[in-house]
Amino acid sequence: MRVHLINPSEVSFGTAVITPRWLYVLAAATPESFGTPVLVDETLAAVDADSIHPGDIVGISIHTANALRGYEIGKLARDRGAFVVFGGIHATLYPNEAQELGGAHAVVKGDGDTVWAKVLSDCSRQTPQPVYEGGRIEASEFLRARWDLVPRKSYMWASVQTVRGCPKHCSFCSVWRTDGQRPRQRTSDVVIEEIVQLRRLGFRFIALADDNFYPVTLTDLRLAEQQHNAQRLNELKAIRAERFELMARLAQLPPDMIFFTQITMEAAEDTDFLDAMKAANIKGALVGVESVTPEGLKDVYKAFNAAGDALVERLKTFRRHGVYVLGSFIFGLPSDRPETFDTTASVAAQAELAFAQFVMLTPYPGTVDFMRWEKTMEASPIKVAGIPITRRWLIPRALRPKLYWPHPTMSAEEIRGRTQSVWDTFYGLRSIWMRSGFIKSLRARLAFVLISKIYRQMYADTGIATDSARVSRSARWARWLARPCQRLFAARPMPDLKVPVAKHINRYSVELLQAGK
Ligand code: SF4
């Protein structure tokens with residue numbers, strides 16, 4: 001009996017950008033008595049059905065985008081006599097679907113880190129429960145990933161999580177509703193130890209795969225102070241101090257290490273934080289810009305973002321402090337008009353973004369937007385291939401609509417075409433080369449061009465193109481580009497690298513110490 005952990009994907013690239021962290025965390029959660037799990041990441045290569053045998057246990061984690069492929073694998077594994085267990089955000093939201101369509105014997109809802117051992121033990125005794133409540137575990141219970149199992153040459157970046165949860169409440173995002181609004185932050189010791197292990201193996205690019213790396217803003221601190229809420233203020237300061245401590249320790253790692261994370265735009269007001277990021281070599285951050293207009297920001301409950309000139313200035317602040325931005329924009333908001341596309345392309349250029357992504361508004365399960373949209377569909381549900389579009393992930397990919405909200409002034413095809421054209425403009429070879437001007441070495445500049453192209457091929461065409469020929473052409477291109485790209489990102493292993501000690505105490509830690517906390 002073997003344990004298999006499978007990350008489903010309809011497209012395989014041979015080489016992938018970022019390690020799917022959950023595979024290595026659940027491998028760590030698998031007790032030794034079950035042997036070393038077989039890890040399959042289908043973004044590299046499709047699962048080999050013959051490797052699954054009767055009595056094996058197959059764990060599949062799904063999000064909405066890969067749910068359909070996950071169900072195919074689940075049915076296949078069940079037909080071959082295996083126990084099938086689903087987890088991940090989509091299975092948490094729709095456990096019945098995984099049972100009805102994916103052949104699941106069991107579904108894990110919430111965090112899998114601590115409950116996985118029980119699931120395995122029940123399956124081995126042939127008594128799996130239909131649902132396991134993994135809940136939201138504390139940060140001290142998060143497991144370190146089993147990086148000893150990673151095929152190093154298959155990935156460009158490794159991924160380490162430092163915090164789960166986000167205090168914001170954006171209408172299009174499910175993070176705050178599933179992972180919670182209270183940041184669950186790991187201590188710097190465990191994070192650094194994992195990162196050092198990865199550098200020892202030869203990974204020098206690490207994604208800090210957090211929901212929001214900046215969980216406490218200056219505004220949060222100011223509000224707690226104004227409300228004379230001493231307890232809240234101390235909690236916030238402690239979280240902030242831990243962030244600074246982590247960054248101080250990252251700064252002691254070998255200088256060739258580079259980190260990337262996700263952060264809210266408010267960090268631009270906090271130049272101490274940006275400077276600490278720079279010192280820590282956190283060179284890049286995905287910033288959810290979403291919309292360049294105040295109306296658009298209201299549409300997504302993100303009025304804390306800036307718009308217009310103030311937006312350009314805020315984004316440039318990141319750059320001035322050495323943090324390069326991957327700006328994320330949403331098209332198809334009710335207030336968008338044809339000119340919004342050009343304005344967005346121009347803001348992306350003026351703000352000196354290093355990378356950008358342009359996604360079409362899609363209501364995701366677990367979000368406020370989705371609940372609102374589902375309600376509007378109750379009276380007269382629209383179906384495609386007999387499947388309600390509120391369950392769009394079950395519609396065969398080729399038939400799936402690209403836009404789900406009816407827009408007041410533009411057709412879905414107009415929004416799709418204009419979105420595609422913004423991608424084309426931003427990722428034209430000339431534009432990329434101009435953008436890469438800030439990089440000094442030719443090798444690094446070449447890496448920038450390659451990663452820009454691969455990013456565009458993997459995420460733009462495979463995501464929003466309508467014809468399958470374009471999707472498979474993009475996948476071929478991405479496959480072709482990915483291998484040299486991986487080599488550019490790899491570094492010589494440093495098996496003797498030591499874990500740096502925590503020696504930096506910043507002024508927030510000092511305040512806490514003085515307050516006797
Ligand atoms: S979009 Fe970002 S800031 Fe908004 S709730 Fe999600 S993780 Fe938080």
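All ligand and atom numbering here is 1-based and tracks the order in the structure.
- For residue Cys170, no N/O/S atom approaches atom 6 (Fe) of ligand 1 to within less than 2.8 Å.
- Only the side chain of Thr264 comes within 4.0 Å of ligand 1, judged by heavy-atom distances.
- The nearest protein atom to atom 6 (Fe) of ligand 1, hydrogens excluded, is given as Cys173 SG, 2.3 Å; this is a heavy-atom distance.
- Using cut-offs of 30° and 60° on the angle between ring planes, the pair Trp393 and Tyr94 is tilted.
- Figure legend: cation-pi geometry between Arg435 and Phe355 absent, as NZ or CZ is not positioned both under 6.0 Å from the six-membered ring centre and within 45° of its axis.
- For the 3.5 Å distance criterion, the side chains of Glu266 and Thr264 qualify, holding a donor opposite an acceptor.
- Shown in contact with Cys166 at under 4.0 Å from a heavy atom are these atoms of ligand 1, numbered in order with element: 3 (S), 5 (S), 7 (S), 8 (Fe).
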* Asked: Do Glu141 and Thr114 pass the side-chain hydrogen bond (donor to acceptor under 3.5 Å, both in side chains) test, and can you show the C-alpha distance, the side-chain angles, and the key distance before you say yes or no?
  -> CA-CA 7 Å; Glu141 297 172 289; Thr114 52; 5.1 Å; no
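- Under the 4.0 Å criterion applied to side-chain N and carboxylate O atoms, Arg337 and Glu295 are not assigned as salt-bridge partners.
- The protein heavy-atom contact nearest to atom 7 (S) of ligand 1 is Asp211 O, 3.5 Å.
- For atom 4 (Fe) of ligand 1, the set of nearby N, O or S atoms under 2.8 Å includes none belonging to His169.
- Close approach of ligand 1 to Trp176 is summarised as follows: ligand atoms under 4.0 Å from at least one heavy atom of the residue are 5 (S).
- Seen from the ring of Tyr214, Arg243 does not count as a face-on cation partner, given the 6.0 Å and 45° thresholds.
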